[in-house]
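Report on the following structure.
Worth knowing before you read on, the calculation uses all heavy atoms, side chains too, and leaves out hydrogens, waters and symmetry mates.
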Amino acid sequence: MAITSGRNFWCLCSSVLLAVATASAQAQTKLFESAQVTPPGEYTFGIEGPAADLDGNLFVVNLGKPGTIGRLPAGGTASEPFTALPDGSVGNAIRFDRSGTMFIADYKKHNIFTIAKGATEPSVWFHSDEMNQPNDITIAREGTIYATDPNWKGREGHIWRIAKAADGTVQGQIMSAPRAMGTTNGIDLSPDGKTLYVGESSSGQIWSYAINGNELTGAKLVKAFQPDTVDGLRTDVIGRLYVARILKGTIALMKPNGAVEREIALKAKEPTNLAFGGSDGKTVFVTQRQGGFIESFRTDQPGREHCLQRGRC
């Protein structure tokens, strides 16, 4: 039997405990393994539009009933009421700009609302009766909003560009495009803001476009999935796309050239959208229509929007 001094024994025990703690931490943060965060049934069938602020709060539309916005506090396991939109309005997408202002797409009343940082009362930022919806939105570095505007019955759609004019008024118009689009749905920008990615639910295709003012050019088919199996999408800081594969129950993680790196298995089969959050922007939150809950997984890169809010992109 070997004899061990008290000091050596203490060092040995400390090393073992450190190794165990490190292994435990690594197991808890294993990448690309999704877990359910909130209880089932918190949100309606219209659960959508997740977006996280820099304090770690996650905001999701339609908590309990249409027209509401729920808030999942940082580290929380249950959502709480945050605010409600005016009567008849129903949110479908939420995004934050660099100042922390929240933007909400109201697909029922054709509005985009804003809520100032630290406030809860929504106000109309843009409205157009020419819109079918809007459905999803993304925000550029300088504050321009790009919105998908699907016509679900006609299985077609457009992209709107909405921005402040020189006189301070907010103006929007349909962007010209080199091809007829399907039902435009998920949308996001590349990290440099020069490329717009658009998912079309009807065809299951993801397209990219170059942006030239109010014109979309250089249309490229990035990836063709099965029809009616794509919903929301987001990009990370190195330009990869995360696509919600509704009905398949995965998030497709792919390169800008369309090469799929992996399909991340989820806890339910109907993911509608996703958002990057957490203190480092590497926690991906997914809204699940099947079950009405939120789940999340860790990834290896922060999201573009998280980086944008921190003023680094």
Side-chain angles (χ1 to χ4, degrees), residues 36-97 100-128 131-139 145 147-150 152 185-187 231-232 234 244 246 267-268 270-277 283-296 305 309:
Q36 185 171 334
V37 177
T38 62
E42 271 197 338
Y43 291 84
T44 72
F45 188 77
I47 182 173
E48 251 279 14
D53 65 14
L54 290 183
D55 294 324
N57 300 295
L58 181 75
F59 299 87
V60 178
V61 300
N62 301 323
L63 175 65
K65 63 179 182 179
T68 60
I69 296 176
R71 181 176 78 99
L72 177 67
T77 57
S79 302
E80 59 189 28
F82 172 68
T83 193
L85 301 179
D87 287 347
S89 291
V90 180
N92 195 75
I94 302 173
R95 297 281 178 124
F96 286 93
D97 70 4
T101 300
M102 177 189 290
F103 290 78
I104 306 111
D106 164 22
Y107 78 97
K108 280 288 189 180
K109 293 293 185 177
H110 320 301
N111 298 309
I112 292 179
F113 291 100
T114 60
I115 299 178
K117 185 176 182 180
T120 60
E121 188 68 25
S123 60
V124 176
W125 186 72
F126 178 75
H127 169 86
S128 176
M131 278 187 160
N132 296 303
Q133 293 210 339
N135 183 286
D136 204 355
I137 56 176
T138 189
I139 301 177
I145 284 182
T148 53
D149 188 25
W152 292 96
N185 194 338
I187 188 170
D231 205 322
R234 299 285 172 108
I246 195 165
K267 295 303 179 184
E270 298 181 3
T272 56
N273 216 325
L274 60 140
F276 290 82
T283 298
V284 177
F285 294 95
V286 182
T287 48
Q288 276 286 358
R289 188 172 70 181
Q290 183 187 49
F293 62 82
I294 299 162
E295 59 182 286
S296 72
E305 189 173 19
Q309 289 186 67

Point to revise | Any donor-acceptor N or O pair under 3.5 Å, side chains Thr287, Thr272 | key: yes
Review point. To the nearest 0.5 Å, what is the distance between CD1 (Ile104) and CD1 (Ile115)?
Key: 4.0 Å
Practice item. Check whether any side-chain N or O of Thr38 sits under 3.5 Å from a backbone N or O of Ile294 as a donor-acceptor pair, and report yes or no. Key: yes
Point to revise | Minimal non-hydrogen separation, Glu270 against Phe45, with atom names | key: OE1-CE1, 4.3 Å
Point to revise | With sequence neighbours excluded, residues passing salt bridge (Lys or Arg N to Asp or Glu O under 4.0 Å) with Glu42 | key: none
**Study point:** Spacing of Thr68 atom OG1 and Leu63 atom CG [to the nearest 0.5 Å]
**Key:** 5.0 Å
**Study point:** Value rounded to 0.5 Å, distance of CD1 in Ile246 from CG in Asp231
**Key:** 4.5 Å
Review point. How about Val124 and Phe113: do any of their side-chain heavy atoms sit closer than 4.5 Å?
Key: yes
Check your understanding: What do the steps show when you test Asp106 against Ile112 for side-chain contact (heavy atoms from CB on, under 4.5 Å), and what is the final call?
Key -> CA-CA 6 Å; Asp106 164 22; Ile112 292 179; over 6 Å; no
Point to revise | pair Val61-Asn92: side-chain heavy atoms closer than 4.5 Å | key: no
**Study point:** For the student: nearest non-hydrogen atoms of Pro50 and Arg234, plus distance
**Key:** O-NH2, 2.9 Å
Check your understanding: Any sub-3.5 Å donor-acceptor pair from His110's side-chain atoms to Met131's backbone N or O?
Key -> yes
Practice item. Identify the heavy atoms of Ile94 and Met102 that sit nearest to each other, and give their distance. Key: CG2-CG, 3.5 Å
Practice item. Look at the side chain of Thr83 and the backbone N and O of Thr120, then say whether any donor-acceptor pair between them is shorter than 3.5 Å. Key: yes
Practice item. Output yes when a side-chain donor or acceptor of Asn62 lies under 3.5 Å from a complementary backbone atom of Gly46, and no otherwise. Key: yes
Check your understanding: Shortest non-hydrogen contact from Pro134 to Asp149?
Key -> CA-OD1, 4.3 Å
Exercise for review: Measure the OG-NZ distance between Ser89 and Lys108 for me, rounded to the nearest 0.5 Å.
Suggested key: 10.5 Å
Review point. Is Tyr107 close to Asp136 at the side-chain level, that is, under 4.5 Å between some pair of heavy atoms?
Key: no
Exercise for review: Can you tell me which residue pairs pass the salt bridge (charged side-chain N to carboxylate O under 4.0 Å, His left out) test with a partner in residues 48-63, sequence neighbours excluded?
Suggested key: none
Review point. Between Phe103 and Trp125, does a ring pair (Phe, Tyr, Trp, His ring centres under 6.0 Å) hold up when you go through it step by step?
Key: CA-CA 8 Å; Phe103 290 78; Trp125 186 72; 5.1 Å; yes
Review point. Is Ser296 reaching over with its side chain to a backbone N or O of Phe285, donor-acceptor style, under 3.5 angstrom?
Key: no
Review point. Under 3.5 Å, side chain of Gln290 to main-chain N/O of Ala268, donor-acceptor pair present?
Key: no
Practice item. Before giving the answer on side-chain contact (heavy atoms from CB on, under 4.5 Å), spell out for Phe276 and Thr283 the whole-Å C-alpha distance, their side-chain angles and the decisive distance to 0.1 Å. Key: CA-CA 6 Å; Phe276 290 82; Thr283 298; over 6 Å; no
Check your understanding: Does the side-chain contact (heavy atoms from CB on, under 4.5 Å) test come out yes or no for Leu72 and Val37, once each step is laid out?
Key -> CA-CA 10 Å; Leu72 177 67; Val37 177; 3.8 Å; yes
Exercise for review: Any pair with a residue in residues 52-76 that passes ring-ring contact (aromatic ring centres under 6.0 Å, His included), sequence neighbours left out, goes on the list, sorted by first then second residue, please.
Suggested key: Phe59-Phe82, Phe59-Phe96
Point to revise | Heavy-atom pair with the smallest gap, counting every atom of Asn132 and Pro150 | key: CB-O, 3.2 Å
Study note, to complete from the structure: To the nearest 0.5 Å, atom CD of Gln288 lies from atom CG of Asn273 at 11.5 Å
Check your understanding: If you measure from CZ on Arg95 to OG1 on Thr101, what distance do you get to the nearest 0.5 Å?
Key -> 15.5 Å
**Study point:** Check against side-chain hydrogen bond (donor to acceptor under 3.5 Å, both in side chains), Ser79 and Arg71
**Key:** CA-CA 5 Å; Ser79 302; Arg71 181 176 78 99; over 6 Å; no
Practice item. List the atom of His127, the atom of Asn111, and the distance in Å for their closest heavy-atom pair. Key: ND1-OD1, 2.8 Å
